Amino acid sequence: MAILSILQFPDARLHTVAKPVAHVDDRIRTLTADMLQTMYAAQGIGLAASQVDVHERVIVIDVSEERDQPMVLINPELVWTSPTTHLNEEGCLSVPGIYDGVTRFDAVHCQAMDADGHSRVIKAEGLLAVCIQHEMDHLLGKVFVEYLSPLKRNRIKTKMLKAQREGAR
């Protein structure tokens with residue numbers, strides 16, 4: 001297993017739309033293991049393959065308190081969304097230190113394959129539902145700051161670019 005490099009906003013590669021996984025094989029299983037290790041090391045609760053510059057429809061999530069309930073979602077699709085939504089405070093491993101409100105469905109049903117290639121439906125609400133929606137946005141090339149006003153988004157972009165320049169010194 002390896003810790004992968006996480007792309008940082010406003011990296012243009014974060015806007016690449018991910019392609020479906022043709023079949024689950026050892027390469028995909030290695031990718032998901034590396035993504036889980038990367039997510040845990042970064043203290044995150046979710047990570048999309050797009051964030052580690054692999055543009056395939058793969059997500060890993062663990063919203064458990066003990067960090068011992070990893071989920072792998074390959075080719076995830078929302079098959080149901082609740083009629084109700086809620087404004088949630090979100091952050092992102094690709095936009096470190098930035099948190100803001102995003103409106104998401106309160107509950108979702110997500111059909112996806114696991115790391116063994118078995119199809120299943122996850123019925124999620126609360127934090128898990130938010131996390132699934134957030135990570136699925138990454139697969140569509142969308143970062144959560146794109147839900148914010150252009151003014152906020154530009155301020156975040158400026159802050160991130162400055163931090164990246166200072167980190168490169």
Side-chain angles (χ1 to χ4, degrees), residues 1-9 11-86 88-96 102-147:
M1 291 197 311
I3 294 180
L4 307 171
S5 179
I6 299 173
L7 299 177
Q8 303 240 320
F9 179 79
D11 193 308
R13 293 172 290 179
L14 288 168
H15 300 297
T16 304
V17 176
K19 293 179 174 28
V21 172
H23 57 277
V24 179
D25 55 16
D26 287 341
R27 181 185 66 83
I28 294 295
R29 282 187 280 279
T30 298
L31 172 64
T32 60
D34 290 348
M35 286 173 61
L36 282 164
Q37 184 175 1
T38 302
M39 178 189 74
Y40 289 132
Q43 304 294 308
I45 61 169
L47 186 67
S50 301
Q51 293 176 272
V52 294
D53 204 20
V54 176
H55 303 286
E56 295 182 79
R57 295 185 56 78
V58 178
I59 293 170
V60 296
I61 294 174
D62 189 344
V63 297
S64 68
E65 291 276 331
E66 301 79 19
R67 314 294 286 142
D68 63 353
Q69 296 175 32
M71 298 176 69
V72 171
L73 305 178
I74 300 169
N75 296 335
E77 298 293 336
L78 293 182
V79 294
W80 176 84
T81 57
S82 67
T84 56
T85 60
H86 190 79
N88 304 280
E89 183 92 347
E90 291 188 25
C92 181
L93 294 176
S94 291
V95 195
V102 177
T103 300
R104 302 278 188 190
F105 294 107
D106 289 332
V108 297
H109 294 177
C110 178
Q111 182 169 349
M113 287 186 290
D114 62 19
D116 295 319
H118 299 117
S119 183
R120 61 190 205 149
V121 174
I122 296 105
K123 295 180 179 181
E125 57 187 32
L127 182 59
L128 179 57
V130 170
C131 191
I132 289 171
Q133 293 169 82
H134 176 108
E135 299 308 331
M136 285 183 69
D137 274 354
H138 280 297
L139 301 180
L140 298 172
K142 191 167 187 176
V143 181
F144 90 98
V145 296
E146 293 173 52
Y147 287 100

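Here the structure is a predicted model, which means the values were calculated and not measured.
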Would you please name every residue forming a side chain to side chain contact (heavy atoms under 4.5 Å, CB included) with [X], sequence neighbours left out?
X	result
D26	R29
T103	T85, L87
S119	Q111
H23	D25

(message) In the structure I gave you, are the side-chain heavy atoms of I122 and L128 within less than 4.5 Å of one another anywhere?
(response)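 Result yes, sub-4.5 Å side-chain heavy-atom pair found.
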(message) Using side-chain heavy atoms (C-beta onward) and a distance below 4.5 Å, is M39 in contact with P70?
(response)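 A side-chain contact is absent here, since even the closest heavy-atom pair is not under 4.5 Å.
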Kindly give the heavy-atom pair with the smallest separation between [X] and [Y], and that separation in Å.
X	Y	value
A107	A129	CA-CB, 4.1 Å
E56	A49	O-CB, 3.5 Å
V58	M35	O-CE, 3.8 Å
A48	L139	CB-CD2, 4.1 Å
S50	L7	O-CD1, 3.5 Å

When rounded to the nearest 0.5 angstrom, what distance separates [atom1] in [X] from [atom2] in [Y]?
X	Y	atom1	atom2	answer
L127	I45	CG	CD1	4.0 Å
I59	M71	CD1	CE	10.0 Å
H134	K142	NE2	NZ	12.0 Å
S94	L14	OG	CG	4.5 Å
Q37	I3	CD	CD1	5.0 Å
I6	T38	CD1	OG1	6.0 Å

Using side-chain hydrogen bond (donor to acceptor under 3.5 Å, both in side chains) as the criterion, list what pairs up with [X], not counting sequence neighbours.
X	answer
T32	none
T84	D106
H15	E146

(message) Applying ring pair (Phe, Tyr, Trp, His ring centres under 6.0 Å), can you list everything that pairs with H109, at least two apart in sequence or on another chain?
(response)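 Ring pair (Phe, Tyr, Trp, His ring centres under 6.0 Å) check on H109 returns W80.
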Can you pull the salt bridge (charged side-chain N to carboxylate O under 4.0 Å, His left out) pairs that have at least one residue in [range], sequence neighbours excluded?
range	answer
residues 109-130	none
residues 127-139	R104-D137
residues 33-50	none
residues 63-77	R57-E77

(message) Between V102 and V130, does the side chain to side chain contact (heavy atoms under 4.5 Å, CB included) criterion hold? Intermediate values first, please.
(response) CA-CA 9 Å; V102 177; V130 170; over 6 Å; no
(message) Determine whether a donor-acceptor pair (N or O, by modelled atom type, separation under 3.5 Å) exists between the side chain of Q133 and the backbone of F105.
(response)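 Present.
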